[in-house]
Number of protein chains: 2
Amino acid sequence: MASIKDVAAEAGVSVATVSRVLNDHPSVSADARTRVLAAVETLGYRPNAVARSLRTDQTHTLGLVISDVMNPYFTELARSVEEEARALGYSVIIGNADERPDLQDHHVRTLLDRRIDGLLVSPTDGGSPLMLDAARAGTPMVFVDRWIPGVDVPVVRADGRGAVRDLVAHLHGLGHRRLAIIAGPAATTTGQERVEAFREALGAYGLDLPDAYTGQGDFQAESGRLVTEGFLDLAEPPEVVFAADNLMALGALDAVRARGLRVPDDLALAAFDDIRWFVHTDPPITAIAQPTGELGRAAVRALVDRIEGRPGESVTLPARLVVRRSCGENPTPVQRSTT
Amino acid sequence: MASIKDVAAEAGVSVATVSRVLNDHPSVSADARTRVLAAVETLGYRPNAVARSLRTDQTHTLGLVISDVMNPYFTELARSVEEEARALGYSVIIGNADERPDLQDHHVRTLLDRRIDGLLVSPTDGGSPLMLDAARAGTPMVFVDRWIPGVDVPVVRADGRGAVRDLVAHLHGLGHRRLAIIAGPAATTTGQERVEAFREALGAYGLDLPDAYTGQGDFQAESGRLVTEGFLDLAEPPEVVFAADNLMALGALDAVRARGLRVPDDLALAAFDDIRWFVHTDPPITAIAQPTGELGRAAVRALVDRIEGRPGESVTLPARLVVRRSCGENPTPVQRSTT
DNA sequence: CTGAAAGCGCTTACAG
DNA sequence: CTGAAAGCGCTTACAG
């Protein structure tokens, strides 16, 4: 591969001059510029980004560590992150933690070794020493979707409280009283918050959330299936299951179907995170939709702000309820606005 | 961030020695080794991968350019690619082309600039000069899923012919005679092959595939919707629509639903690519499943073989038909093996 | 076994 | 406007 030396030789100038025209430095003669450009063209020269990074100490690369790429919510998040980053002149390297703290650490380490300019993370757990150290050491960082309390890092996320209240109102209005939840890992903020929001909303109707109706999932389909099986085995099974993410909702559907039962007749179902297929499932699934694209873009902007020395603030956007038929027929759909 | 010099100073040895212990070079005294390791520990030193890459001319990174991350098939492919790569000591950087040749080129260029060790691509088109040049210039490369004819690069893909034959047998057995297809872009191999395989299979039953029943899609949902609308507007609409990927099948479902029609009663539907949600759609969708994980892993192995100087061969794996209810009820499911 | 030195491909003060 | 030179953080022959 041609190097800057080859270009300099071909153009009859020094490498310094080549570098200057490549970086649009003002003080280059028109003549030198044309000769260099011509040389670049004939040699098909492309600057070596590795060498440039070593010299300038910036990679123009963002690291994105997400908990699970196979989760459509995160896939969309990743996509919007890459789009916004590209618009701002950055590349992004994605690390898929698969909900495993060890894998998350592997990716954080690799990304740091590559000297990415900043890190976007949706933590799988309460934060490993590695991540905490990186944050403390001043690595530009922002949390998306999930975050770690007590760490001084901006957080970009959706607030589902209003939507969960709307969901409970909807369920209550349909006559449901025994409501259960498939929670995400307690080590994640979204794992906890969704349960709390649900419990709070139930409280407003004088309903409580017994332990038996709080299943511990891990945001993956299989756990949703297992927890739902457990619910179904109860002497008094719940009337509704609220899955804290779309994959666990998938698992819940698997469980219901395996027993030959029907949604919503035998068990109503609602999910956090809305995905396109929910329109076409049997029945269409009521879900809480996050402004995913917005979140991804806001997170990138916050991170790039930090990288480039600007403040970089936290952002919280509201989620909203999308009523469909998986909780029962609703003659006059109550679809309140979120507050 | 601590550099190798700091470690050397801390350990009281030269940077050469530090480098040697870091790289497990045999000729280092036990004493030097312990001192260096201790220094590494106290400084929290991590080698700068950028500097190392510049020096060794290898990044231990693979580039993966896929046509559309939001397509679950590619998401799964990406995941298996990353897994296998990690097992072999490589990282992977994903570039999402979104079915746009210009974006594909952007990513190929960026990846090449970063001096990735090898490139895995599922081309969106017939191949831009950039990609062709890279292949010719000897960049280790392998095509996954889609490929570009006439380029000397190993291809790892699924052969859907047998499964398409099985699908047509299934459809014919259900009494369907007017079969249509939503094709992918003609510029992609999978876009063409699936149509050809379908046409051939129809031929075996004396059926043909009129132009009116060949809709031109682009592997995205919206195009599936549009093409299906067109089919439905025909004086004599088809009885079955075969979508060449899962997203266009989604679009087809959107179209059918928008008209208040039902699958399979008003229009039967089958799709290339199987996804987990197809079990829970209304009705469950008959699909052709690719061994996606296998493909991703085989592709990585082929690429790493090339990178490390071994041959690196093409691999073709069979796809298989998964019969569900979207083409009509089938009393005795014919699920032939693929040949 | 160990260190001094060269060099990977760039960028950027410093002189001129 | 231009070039020689230093230096980014490593690795690796080459001597010793």
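Naming convention: chains lettered A, B, ... in sequence-line order (proteins, then strands); numbering from 1 in each chain.
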Nearest whole angstrom, please: distance from the P of D:dT11 to the CZ of B:Arg55.
9 Å
Canonical and wobble pairing (Watson-Crick, G-U, under 3.5 Å) of DNA chain D, dot-bracket with |:
|||.||||||||.|||
Sugar-phosphate only, base, or nothing, as touched by A:Asn23 at under 4.0 Å among non-hydrogen atoms:
sugar-phosphate
First encountered from the 5' end of DNA chain C, between A:Ala16 and A:Lys5
A:Lys5
Winner on side-chain proximity to B:Thr17, out of D:dT11, C:dG9, C:dG3, is C:dG3
Looking at every strand, decide which applies to A:Ser3 at a 4.0 Å heavy-atom threshold: base, sugar-phosphate, or nothing.
sugar-phosphate
Considering heavy-atom distances to DNA chain C, does B:Thr56 or B:Ala30 have its closest nucleotide positioned more toward the 5' end?
B:Ala30
Check for a donor-acceptor pair, side chain of A:Asp113 on one end and backbone N or O of B:Asn48 on the other, with a separation under 3.5 Å.
no
Does one side chain, of B:Asp245 or B:Asn71, offer a donor that lies under 3.5 Å from an acceptor on the other?
yes
What contact category does A:Ser19 fall into here, base, sugar-phosphate, or nothing, at under 4.0 angstrom with non-hydrogen atoms?
base
Taking atom types as modelled, find out whether A:Gln104 and A:Asp125 have a side-chain donor-acceptor pair closer than 3.5 angstrom.
yes
Proximal nucleotide (of C:dT2, D:dC1, D:dC10) relative to the B:Asn48 side chain:
D:dC10
What I want to check is whether an N or O donor and acceptor connect the side chain of A:Arg20 with the base of D:dG3 at under 3.5 Å.
yes
Classify A:Val13 by what it touches in the nucleic acid, base, sugar-phosphate, or nothing, heavy-atom distance under 4.0 Å.
sugar-phosphate
In whole angstrom, give me the gap between the P atoms of C:dG16 and C:dT12.
22 Å
Of all heavy-atom pairs linking B:Tyr90 and B:Thr61, the shortest is CD2-N, 3.8 Å
Does a side-chain N or O of A:Ser29 approach OP1 or OP2 of D:dC1 to a distance below 4.0 Å, or not?
no
Can you see which heavy atom on B:Tyr45 is nearest to which on B:Ser3, and at what distance?
CE1-C, 3.5 Å
Do the side-chain N and O atoms of A:Ser67 and A:Arg146 include a donor-acceptor pair separated by under 3.5 angstrom?
yes
